Enquirer: 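If you scroll down you'll find the structure; I have some questions about it.
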Amino acid sequence: QVQLVETGGGLVQPGGSLRLSCAASGSIFSIYAMGWYRQAPGKQRELVASITSGATTNYADSVKGRFTITRDNAKNTVNLQMNNLEPEDTAVYYCNADISTTITRRYAYWGQGTQVTVSS
């Protein structure tokens with residue numbers, strides 16, 4: 001059993017900052033890529049940022065230069081620092097991790113989601 005627990009969402013004014021964190025726990029053999037997705041009302045879920053176990057990062061064009069993804073492999077955590085937030089960033093943010101629980105079992109796991117609202 002693997003769980004991803006997200007923290008750090010909330011309400012912030014345009015131009016403000018928030019930091020999201022996600023901790024993976026349970027019967028983890030290895031964690032590969034981790035990332036953050038978001039889904040705004042009426043829109044499809046989209047990739048915001050991802051990071052490999054070797055710390056190679058990938059960002060959506062809309063967040064480049066504003067968001068930074070990091071991970072701590074020892075603690076099985078991934079963080080998303082969001083700066084200069086815009087109303088268009090309003091969405092439910094989901095943590096995602098590619099995790100193996102045994103040498104042969106590997107799945108993509110999702111957190112429960114955390115709401116980020118950017119509004120004045």
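All values derive from a computational prediction rather than experimental measurement.
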Enquirer: With side chains defined as the heavy atoms from C-beta onward, is the minimum distance between I31 and N76 less than 4.5 Å?
Expert: yes
Enquirer: Do V12 and V63 sit in one hydrophobic cluster, given that two such residues count as connected whenever their side-chain heavy atoms are within less than 4.5 Å of each other, even indirectly?
Expert: yes
Enquirer: Is it the case that R38 places NZ or CZ above or below the six-membered ring of Y94, under 6.0 angstrom from the centre and within 45 degrees of the axis?
Expert: no
Enquirer: For residues F67 and W36, establish whether the separation of their ring centroids is below 6.0 Å.
Expert: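 Aromatic pair excluded; centres sit 6.0 Å or further apart.
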Enquirer: Out of curiosity, Y59 OH to K64 NZ, how far, rounded to the nearest 0.5 Å?
Expert: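 Interatomic distance, Y59 OH to K64 NZ, rounded to 0.5 Å: 10.5 Å.
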Enquirer: Test side chain to side chain contact (heavy atoms under 4.5 Å, CB included) on V78 and I69; report intermediate values, then the result.
Expert: CA-CA 7 Å; V78 61; I69 188 169; 3.8 Å; yes
Enquirer: Report yes or no: does Q39 contribute a side-chain atom to a donor-acceptor pair with the main-chain N or O of Q44 at less than 3.5 Å?
Expert: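 The answer is no, because no donor-acceptor pair under 3.5 Å joins these two groups.
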Enquirer: Looking at side-chain heavy atoms only, is the closest gap between W110 and R45 below 4.5 Å?
Expert: yes
Enquirer: Is T90 reaching over with its side chain to a backbone N or O of V118, donor-acceptor style, under 3.5 angstrom?
Expert: yes
Enquirer: Working to the nearest 0.5 angstrom, can you tell me the gap between R71 CZ and C22 SG?
Expert: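 Between R71 CZ and C22 SG, I get 10.5 Å after rounding to 0.5 Å.
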Enquirer: How long is the straight-line distance from OG of S27 back to CD of Q1, given to the nearest 0.5 Å?
Expert: 8.0 Å
Enquirer: Any chance you could measure S120, atom OG, to L11, atom CG, to the nearest 0.5 Å?
Expert: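 Taking OG in S120 and CG in L11, the distance rounds to 9.5 Å.
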Enquirer: If only atom types and distance count, is the side chain of N96 paired as donor or acceptor with the main-chain N or O of M34 below 3.5 Å?
Expert: no
Enquirer: Do the side chains of I99 and Y109 get nearer than 4.5 Å, heavy atoms only?
Expert: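 A side-chain contact under 4.5 Å exists here.
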Enquirer: Show the numbers, then the answer: is there a side chain to side chain contact (heavy atoms under 4.5 Å, CB included) between Y107 and R105?
Expert: CA-CA 7 Å; Y107 299 108; R105 291 191 170 191; 4.3 Å; yes
Enquirer: Regarding S21 and N79, do their side chains bring together a donor and an acceptor under 3.5 Å, going by distance alone?
Expert: yes
Enquirer: Over all heavy atoms of both residues, which pair between G10 and L18 is shortest? Give the atoms and the distance, please.
Expert: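 Taking G10 first and L18 second, the nearest heavy atoms are O-CD1, 3.9 Å.
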Enquirer: Check whether E86 reaches the backbone of P14 with its side chain - one donor and one acceptor, N or O, closer than 3.5 Å.
Expert: no
Enquirer: So with a 6.0 Å cut-off around CD of Q115, is the heavy-atom count from everything else above 12?
Expert: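 For Q115, atom CD is crowded (more than 12 foreign heavy atoms under 6.0 Å).
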Enquirer: If only side-chain N and O atoms count, and only distance matters, is there a donor-acceptor pair under 3.5 Å linking Q81 with N83?
Expert: yes
Enquirer: Locate the shortest heavy-atom distance separating L20 from M82; write the atom from each residue and the value.
Expert: CG-CE, 3.7 Å
Enquirer: Search all heavy atoms of R66 against all heavy atoms of D89 and return the closest pair with its distance.
Expert: NH1-OD2, 2.7 Å
Enquirer: Give me the atom names and distance for the closest heavy-atom approach of Y37 to V48.
Expert: C-CG2, 3.9 Å
Enquirer: Could you tell me whether the side chain of T114 reaches within less than 4.5 Å of the side chain of T7, counting heavy atoms only?
Expert: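 Contact flag for T7/T114 side chains = no.
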Enquirer: Which pair of heavy atoms, one from T101 and one from V2, lies closest together, and at what distance?
Expert: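 So the minimum-distance heavy-atom pair works out to CG2-CG2, 3.6 Å.
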Enquirer: What are the two closest heavy atoms between L4 and A97, and how far apart are they?
Expert: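 So the two residues come closest at CD1-N, 3.8 Å.
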Enquirer: Rounded to the nearest 0.5 Å, what separates atom OG in S100 from atom CD1 in I28?
Expert: 9.0 Å
Enquirer: What distance separates R106 CZ from S30 OG, expressed to the nearest 0.5 Å?
Expert: 8.0 Å
